[in-house]
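Atoms within a ligand are numbered from 1 in the order they appear, just like the ligands themselves. Predicted model only: the values in this text are computed from it and were never measured.
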Amino acid sequence: MLSTAREVSVFGDAIAYFNEAAELLDLDAGTRRILTKPSRQIIFSIPFQRDSGELEVYTGYRVQYSFARGPAKGGVRFHPGVTLDEVTALAFWMTWKCAVVDLPFGGGKGGVTCDPIKLSPGELERVTRRYAAELVEVVGPDKDVPAPDVGTTPQIMAWFMDTYSMHIRQHTPGVVTGKPLEVGGSRGRVEATGRGVSLTTLAQMKEMGMTPKGARVAVQGFGNVGSIATQMFADHGCTIVGISDVTGGYYNEKGLDVGGAIAYAQEHHSLDGYRGGERITNAQLLELPCDVLVPAALEKVLTADNAAHVQAKLVVEGANGPTTPEADRIFNERGIVVIPDILANAGGVTVSYFEWAQDRNGYFWKESEVNDRLADVLHTNFTEIRQVSSLRSVPLRTAAYMLAIDRVVKAMKMRGMYA
Ligand code: NAD
């Protein structure tokens, strides 16, 4: 379960990174004012019936942060800790993430404050359909295109797509991405975020003169992003010294059996009870002796309290917002390189874009084509980020924000102000 204790605003932290890059870009005050406010925030009630007959009401959100470069795009989170602040921060990050990999999308995000683990499949379907029905007027392939995030699945996307299509009386697979293959999903989408994490990591390791074979990697989070990235690191010869999920972590300095851990997690729905390594806490995992650390679970795990104890040379943000600005400063001072979330985990939205494009054409690509195009998008944009980073002598995160903000601002200026 993700932590619900977030003393400082997640959106506040997110804006701190934006401001740093905006300063370096010499962005005028008016443009900054526009870009630090979401275009639209929607809050609504989701009444539904439990299997027991009892009536419940959840709160649903959709934040459409920016439309400057295209329709809003971003996932839907089902989690007890979902708040408007968190959804807004996630929508804000989506804006820069889509721009940094040069996709024709703005940024959005949604969520429902609920615990999906406690819902039966029927209850989950009713919550999803009501959530989708409430958004019929404001989502669509040219308006806003949701996708899965923490707590939501391809099945939930299929229900969303079906509800929307029924309402508008037209089969519309392009209204959401991350769907199952049977209803217009893309090959390679499930693995895309983890694949992007591993591709960007391997590229940066090369840049830093590190060889994958034998490099020690620790990964926090063993869900979609964490488990797939871990498998890909192992496939490249890395030694996986630590893994963890919400139930705790496991350590083996000689390397864990990744295939065994994935099979265990699939069978037991978590790593709880796994015997392949020494038990450690999630806090210990972040401070393990390793070369690469991949936080791939939740926000704000690398903070002023633990950043000085991180031993990795390279931190790769599989999760959105795992590093607070204070921790980021400490990493910069200590020479620890960070691949920022908006690039490291952009593989997911990139293949979502491919899915949207395939749906609109009704023509589907081979998996190898999806993977080759993904590698090309990440390589091209990572090269540009590195160029900005060395030209302006700034960390990769600042360079990524500068590139993304510049692309969004150029689109805004071209469109002009309708006021
Ligand atoms: P998921 O629900 O599949 O997995 C989340 C994992 O984190 C699980 O293993 C869970 O046990 C673990 N976890 C939860 N709370 C934890 C805690 N307190 N300590 C340690 N581990 C904990 O979610 P996911 O899709 O893998 O997403 C993980 C992160 O990656 C999120 O920040 C999400 O926004 C981000 N992300 C996901 C995608 C995607 O395509 N799935 C794309 C971009 C970014």
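- Not one N or O of L298 is nearer than 3.5 Å to an N or O of ligand 1, by distance alone.
- No part of S270 comes within 4.0 Å of ligand 1, judged by heavy-atom distances.
- Checking only distances, N320 does come within under 3.5 Å of ligand 1, N or O to N or O.
- Here the rule is salt bridge (charged side-chain N to carboxylate O under 4.0 Å, His left out) with E56, and of R50, R130, R126, K118 only R50 fits it.
- Under 4.0 angstrom from ligand 1, the non-hydrogen atoms of D245 come from both its backbone and its side chain.
- Residues L396 and R386 are in side-chain contact: their nearest non-hydrogen atoms beyond the backbone lie under 4.5 Å apart.
- Side-chain atoms of N320 and K109, non-hydrogen and from C-beta on, do get closer than 4.5 Å to each other.
- Under a cut-off of 6.0 angstrom, the local environment of CE in M412 is crowded, with over 12 non-hydrogen atoms contributed by other residues, nucleotides or ligands.
- Residue contacts with ligand 1, taken as heavy atom pairs separated by less than 4.0 Å, involve D149 solely via side-chain atoms from C-beta onward.
- R397 forms no cation-pi arrangement with Y401, by the criterion of a distance under 6.0 Å to the ring centre and an angle within 45° of the ring axis.
- The closest side-chain heavy-atom distance from C98 to R69 is not below 4.5 Å.
- Identified under the side-chain hydrogen bond (donor to acceptor under 3.5 Å, both in side chains) test for residues 303-312, with sequence neighbours left out: none.
- Annotation: F222 places an N or O atom under 3.5 Å from an N or O atom of ligand 1; distance criterion only.
- Annotation: side-chain contact (heavy atoms from CB on, under 4.5 Å) contacts of I280 (sequence neighbours excluded): Y251, Q284, L285, L288.
- Residue contacts with ligand 1: T193 is placed with a nitrogen or oxygen under 3.5 Å of a nitrogen or oxygen of the ligand (distance criterion only).
- Checking G75, A297, G248, A283 against atom 31 (C) of ligand 1, the nearest heavy atom belongs to A297.
- Remark: of the listed residues T350, D372, V351, T350 is the sole one forming a side chain to side chain contact (heavy atoms under 4.5 Å, CB included) with V377.
- Across the listed options G223, G178, G321, G223 owns the non-hydrogen atom lying nearest to atom 8 (C) of ligand 1.
- For R189, the closest heavy-atom approach to ligand 1 falls below 4.0 Å.
- Residue-ligand proximity, N282 to ligand 1, at heavy-atom distances under 4.0 Å covers atoms 19 (N), 20 (C).
- Close N/O approach between V225 and ligand 1 is found [any backbone or side-chain N/O within under 3.5 Å].
- With distances taken over non-hydrogen atoms, the option nearest atom 3 (O) of ligand 1 out of N224, L271, V197 is N224.
- Atom OH of Y61 has more than 12 neighbouring heavy atoms from other residues, nucleotides or ligands inside a 6.0 Å radius.
- Remark: distances from the non-hydrogen atoms of E299 to ligand 1 are all 4.0 Å or more.
- Contact annotation: for N345 versus ligand 1, heavy atoms closer than 4.0 Å belong to both the backbone and the side chain.
- Residue A296 has no nitrogen or oxygen atom sitting less than 3.5 Å from a nitrogen or oxygen atom of ligand 1, judged on distance alone.
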